[in-house]
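Single-structure report; data block below.
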Amino acid sequence: MAGLVPAIQVLFAGREEDVDARDKPGHDDERTPRRHRSALTRILTPLPATVASFLFSSAPAHADLKLCNRMSYVIEAAIGIDDKAATATRGWFRIDPATCRVVVQGALTADRVLLNARALGVYGASPIPQNGTDTLCVARDNFVIAAARQCRTGQMPAQFTQITPTKTDDGHLVAYLAEDSEYDDEQARLAGIQRLLVIAGYDAAPIDGVDGPKTQSALAAFLRSRGLASDIVQSPNFFATMIDAVQKPSPSGLTWCNDTPHKVMAAVATDDGKVVTSRGWYRIDPGKCLHPDVSGTPKQIYSFAEAVDNDNRAIRIRDKPLNWGGGVQLCTRESKFEINEQGDCSTRGLAALGFTTVDMTSGGKTLRFAMP
């Protein structure tokens, strides 16, 4: 997984644009809860018809706008509609690899359509770059925001990028989210499975969307360990099954579990007898578990983790950072990293942190991060 950071793109009519992504988990319900509609209707009364239709449409219609995911990540998307003087946002729409999701129903006549996309937290710290030209409001969970340029309580700013979808033969509009690898649907689905297998501790690398004995062996071992039948791979819920599995403690390999109310960012290091490689950051949400991608049979494994707030600043308890480490000094950096040389961290612009040695003699180890 490390080193394979994608530049997410929206592909349409032969053009490509970078798209922002956030990594905090969300939900996929497309409809505005009924109990909120009367208040929102009052807010939306002066807004253009396109915006109102975008926020409330739930009946089948033609000329729908679809987003199709050709990435190796399960993503969540938010859409912005900029129509005359009004800008509204709506999300989150969960989209598995190689699948499409209708995000706007009915004829679309807005001045601009904008997109924000994020990978699920299981993939670690911001596996997709964050950029964009428009700052609009979103919420952590499902949301509909009528006036999306001025964030209120419970809302947060996010970067959106304008997209220009392509009209298909059936009259619908479609935009494809893709990586630099330019997977087709079949390759995206397989690469998505490979990526989750690696996170679960199975050797399915490289993550390339190419089938072969190594991937099939890793997949078979995963299914056996979870007591799953082979035909579940073709189930439309298979990605949800895999994500649920990799967030539970495992009898083999290293598992991190976050028992705090805070987000935890963690790093792992492996010593194969020749090189010590440190890798991070992995995000573990409160109440969740995660398996870092440790392949092969390293002679030693090390771990460091730290609780952070929504701005990724260290949580402090009695004026001390809330972290879990030890006395083995290894190199890290603030952003996603994989470092194979552990000497002279500071002179190379890196930060040395104290990792703890993980005892793997029993074949599996679960480290639980708890409040002091």
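Owing to the predicted nature of the structure, the values given are computational and were not obtained by experimental measurement. Both backbone and side-chain heavy atoms feed into the values below; hydrogens, waters and symmetry mates do not.
When atom types are taken as modelled, the side chain of H172 and the backbone of D64 share a donor-acceptor pair closer than 3.5 angstrom. Not one N or O on the side chain of Q234 forms a donor-acceptor pair closer than 3.5 Å with the backbone of D231. At least one donor-acceptor pair under 3.5 Å links the side chain of N258 to the backbone N or O of I284. Remark: side-chain polar atoms of S278 are paired, donor with acceptor, to backbone N or O of C331 under 3.5 angstrom. Side-chain N or O atoms of Q194 include none that pairs as donor or acceptor with a backbone N or O of D211 at under 3.5 Å. Counting only distance, with no hydrogens or angles, the side chain of K214 and the backbone of A205 share a donor-acceptor pair below 3.5 Å. One N or O on the side chain of S235 and one on the backbone of N237 form a donor-acceptor pair closer than 3.5 Å.
With a 4.5 Å cut-off on side-chain heavy atoms, T356 and V328 do not count as touching. Using a 4.5 Å cut-off on side-chain heavy atoms (C-beta onward), R279 and P292 make no contact. For the pair F222 and L228, the minimum side-chain heavy-atom distance is below 4.5 Å. With contacts defined as side-chain heavy-atom distances shorter than 4.5 Å, the pair V138/Q155 does not qualify. Considering only heavy atoms from C-beta on, F238 stays 4.5 Å or farther from D96 through its side chain. Looking at heavy atoms from C-beta onward, I339 lies in side-chain contact with L350 at the 4.5 angstrom threshold. Put simply, the side chain of L254 reaches to within 4.5 Å of the side chain of V268, judged on heavy atoms. Residues I79 and L115 meet the side-chain proximity criterion, which asks for heavy atoms closer than 4.5 Å.
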Dump the intermediate steps for side chain to side chain donor-acceptor pair (under 3.5 Å) on E179 and S72, then the final yes or no. CA-CA 8 Å; E179 296 177 43; S72 57; 2.7 Å; yes
As a quick check of understanding, evaluate side chain to side chain donor-acceptor pair (under 3.5 Å) for T133 and Q162, giving each step before the final call. CA-CA 8 Å; T133 56; Q162 182 176 350; over 6 Å; no
Where do V264 and V308 land on the side chain to side chain contact (heavy atoms under 4.5 Å, CB included) test, with the steps shown first? CA-CA 6 Å; V264 168; V308 298; over 6 Å; no
Pair D271-Y302, side chain to side chain contact (heavy atoms under 4.5 Å, CB included): steps then yes or no: CA-CA 8 Å; D271 182 355; Y302 307 93; 4.2 Å; yes
Given side chain to side chain contact (heavy atoms under 4.5 Å, CB included), test I81 with V113 step by step and report yes or no. CA-CA 5 Å; I81 293 295; V113 180; 4.2 Å; yes
Test V74 against I95 for side chain to side chain contact (heavy atoms under 4.5 Å, CB included), laying out the working first. CA-CA 6 Å; V74 177; I95 314 174; over 6 Å; no
Would K274 and D272 count as a salt bridge (charged side-chain N to carboxylate O under 4.0 Å, His left out) here? Give the steps. CA-CA 6 Å; K274 298 179 181 179; D272 64 2; over 6 Å; no
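Using cut-offs of 30° and 60° on the angle between ring planes, the pair W281 and F337 is perpendicular. A perpendicular orientation is assigned to the rings of W92 and F143, their planes being inclined by more than 60° (bins at 30° and 60°).
Rounding to the nearest 0.5 Å places CG of L353 at 4.0 Å from OG1 of T332. Atom NZ of K66 is separated from atom OH of Y176 by 7.0 Å, given to the nearest 0.5 angstrom. Interatomic distance, L219 CG to L196 CG, rounded to the nearest 0.5 Å: 11.0 Å. Between L136 atom CG and I145 atom CD1 the span is 9.0 Å, to the nearest 0.5 Å. Taken from NZ in K288 to CG in D244, the straight-line distance is 7.5 Å, to the nearest 0.5 Å. In this structure, the separation between NZ on K320 and CD1 on I317 is 12.0 Å, given to the nearest 0.5 Å.
A salt bridge links D185 and R70; the closest N-O separation between the charged side-chain nitrogens and carboxylate oxygens is under 4.0 Å. A salt bridge between D259 and R368 is present, with a side-chain N of the basic residue lying under 4.0 Å from a carboxylate O of the acidic one. Remark: R283 engages D285 in a salt bridge, criterion side-chain N to carboxylate O under 4.0 Å.
N312 and K263 are linked by a side-chain donor-acceptor pair at a separation below 3.5 angstrom, with hydrogens and angles left out of the test. With 3.5 Å as the limit, one finds no donor-acceptor pair spanning the side chains of R195 and Y123. Side-chain contact, W324 with S303: no donor N or O sits under 3.5 Å from an acceptor N or O. E338 and T277 are not linked by any side-chain donor-acceptor pair at a separation below 3.5 angstrom, with hydrogens and angles left out of the test.
Smallest separation of non-hydrogen atoms from L330 and A269: CD1-CB, 3.4 Å. Nearest heavy-atom pair, P372 versus L322, reported as atom, atom and distance to 0.1 Å: CD-CD1, 3.7 Å. Looking at every heavy atom in both residues, E306 comes nearest to P321 through OE2-CB, 3.8 Å. Of all heavy-atom pairs spanning G80 and F160, the tightest one is N-CE2, 3.9 Å. Here the closest heavy-atom approach between residue A204 and residue A218 is recorded as CB-CB, 4.0 Å. The two residues A139 and G154 make their nearest non-hydrogen contact at CB-O, 3.8 Å.
The environment of CD in Q216 is crowded: more than 12 heavy-atom neighbours from other residues, nucleotides or ligands sit within 6.0 Å. Other residues, nucleotides and ligands contribute only 12 or fewer heavy atoms inside 6.0 Å of the CD atom of Q150.
Pairs passing the salt bridge (charged side-chain N to carboxylate O under 4.0 Å, His left out) check and including a residue from residues 144-169, sequence neighbours excluded, read D82-R149, D134-R149. The salt bridge (charged side-chain N to carboxylate O under 4.0 Å, His left out) analysis of residues 339-363, with sequence neighbours excluded, yields no pairs.
Both F239 and I232 belong to a common hydrophobic cluster when Ile, Leu, Val, Met, Phe, Trp and Tyr are linked at side-chain heavy-atom distances under 4.5 angstrom. Cluster annotation: I75 and L190 are assigned to distinct hydrophobic clusters (Ile/Leu/Val/Met/Phe/Trp/Tyr, side-chain heavy-atom contacts under 4.5 Å, transitive). Using a 4.5 Å cut-off between side-chain heavy atoms of Ile, Leu, Val, Met, Phe, Trp and Tyr, with links allowed through other members, M156 and L114 fall into the same hydrophobic cluster.
Under the side chain to side chain donor-acceptor pair (under 3.5 Å) criterion, T135 pairs with Q159, not counting sequence neighbours.
Shown are N69, T99, L120; of these, the side chain to side chain contact (heavy atoms under 4.5 Å, CB included) with R94 is made only by L120.
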